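Naming convention: chains lettered A, B, ... in sequence-line order (proteins, then strands); numbering from 1 in each chain. All values derive from a computational prediction rather than experimental measurement.
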Amino acid sequence: MKLSPLHQRHLDRNAKMADFGGWLMPIDYPDTGVLVEHAAVRERVGIFDVSHLGKASVKGKGALEFLNEQFTNDLTRIVDGQAQYTLLCNSSGGVIDDLIAYRKSPNDFFLIPNASNTADVVSALQSQAPADIQIVNLHDAFGVIALQGPLAAKVLEKFGIKTDLDYMCFSNVSINSHSAILCRTGYTGEFGFEIVPQWEEALQVWDALVAVVSEFEGAVCGLGARDTLRTEMGYPLHGHELSLEISPVQASATWAIGWKKGVFSGSEILRKEREDGPERRSQAMLCIGRGIPRAGMEIKDTDGKKVGIVTSGTFSPTLKNGISLGLVDSTFAVGDHLIIDVRGRDCEVEIVKLPFVASHVR
Amino acid sequence: MSHVPDDLKYTKEHEWIADTQIAQRVRMGITDFAQSALGDIVYVQLPNVGEKVTAGKVCGEVESTKSVSEIYAPVSGTIAAINDSLVGAPETLNSDPYGQGWLCEIVITEHSADLLSAQQYIEITA
């Protein structure tokens, strides 16, 4: 199992650790726990080690045009200094990964894919790249620290950092004289930043930030809280809402597809599926009955016929209620009631619009 | 170190049982070790009063944000009382697993041979 550059800090705090895509990462910390960590992000500020996330560079003349033929979203719709959520699909329209692409210049991009998919993303791009474009896997070259919550900017201002970046923009900053990329991105639905320091300097950056987070009565947060926070937003998690078997058209992730641009990997099949209409669609479901849906549980209509499957489910700490995301036959829509089979007990749910909890990313 | 009161009996599945004032009636719950391993408990499914339970068989569920854990009946008998307050305040299981966080009371029809002493339970969780 791979270890984060901040591993020792998680041990120092007696974190409960688990495997995330081949990396041993903290789920939660015993002094706080998922509920306190979750609330800290919604109400104040939380800091997460997400160094397991992948990092890769794509450099060379024509990198923009090359990546635009690979990724679903349209990189010509952002300018240098902006980042974009995008997908890499295979020729069948299955999703190899969802990732953030940072546009430094038309010839220089930085990618943050998911931990377990980074090698696949890098090799898929390498297999298609012309000779003058270099794709390098930098998984172990950088740490990634997420600083999320309404007080996130106040934390950075203590270091004299300008925090007036627009959403999905990034810049180079210095934190106690350690250089890092600062991005106005996140996976919690709150205002926040993701900070990318050099691997060797990640520990010093983390310690400095944690000290200020504590001053603001924020929390060090594990990936358990990250999951409840993202589920309340309905953000997809690869392997759950998106996968090689679940296309972006089914996953309601078409906002990350630049339909107007030309050909890209998987575009032919995805265009056809969009025209025909997908047979199943990702829906958000709020529990009316008592119960917590979990990934893999069966979804039935009110007559007991199987109509779908849960892809993610948890207890919403904000709503104090079971929430879930799932793939459901396309005949169902917002307002319809369904039943989730929670280990033999029927839990009634209503299809609702996302997010479950109001977003404050802007 | 998790807390293991001397005067209780335990199961390998991390439940505790205690005698009550009433003969043949025991109170049960989950141990400090169990609540700590689960993390923040957000949902409890209890059996119904009057329901018959069998030693070693599932009689309820406890869920944290991330995972589900089944509760096994430590003895065979009939459910005589349940701790309804846990439905609205499942976090009590984390804060007071041996006190306010009790799960249910059972009138015993058959004792289980497999109960552990505090010392034996400490050994399996060490």
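Using a distance-only test at 3.5 Å, with no hydrogens or angles considered, a donor-acceptor pair links the side chain of A/Thr314 to the main chain of B/Thr65.
With a 6.0 Å radius and a threshold of 12 heavy atoms from other residues, nucleotides or ligands, B/Asp19 has its CG atom at or below the threshold. Within a 6.0 Å sphere centred on NZ of A/Lys2, other residues, nucleotides and ligands contribute more than 12 heavy atoms. For CG of B/Asp6, the number of neighbouring non-hydrogen atoms (other residues, nucleotides, ligands) closer than 6.0 Å is 12 at most.
Expressed to the nearest 0.5 Å, how far CD1 of A/Ile27 lies from OG of B/Ser67 amounts to 8.0 Å.
For a heavy-atom cut-off of 4.5 Å, chain A lies close to B/Val87 in residues 80-99 of chain B. Residue-level contacts of residues 34-53 of chain B with chain A, in order of numbering, are B/Ser36, B/Ala37, B/Leu38, B/Gly39, B/Asp40, B/Val42, B/Tyr43, B/Val44, B/Gln45; threshold 4.5 Å between heavy atoms.
Contact count versus chain B (heavy atoms, under 4.5 Å) is highest, among A/Pro317, A/Gly291, A/Gly224, for A/Gly291.
Salt bridge annotation for B/Glu70-A/Arg343: absent, with no cationic side-chain nitrogen under 4.0 angstrom from a carboxylate oxygen.
Looking at A/Arg290, the atoms closer than 4.5 Å to chain B (heavy atoms on both sides) sit in the backbone and in the side chain alike.
Considering only heavy atoms from C-beta on, B/Lys66 stays 4.5 Å or farther from A/Val34 through its side chain.
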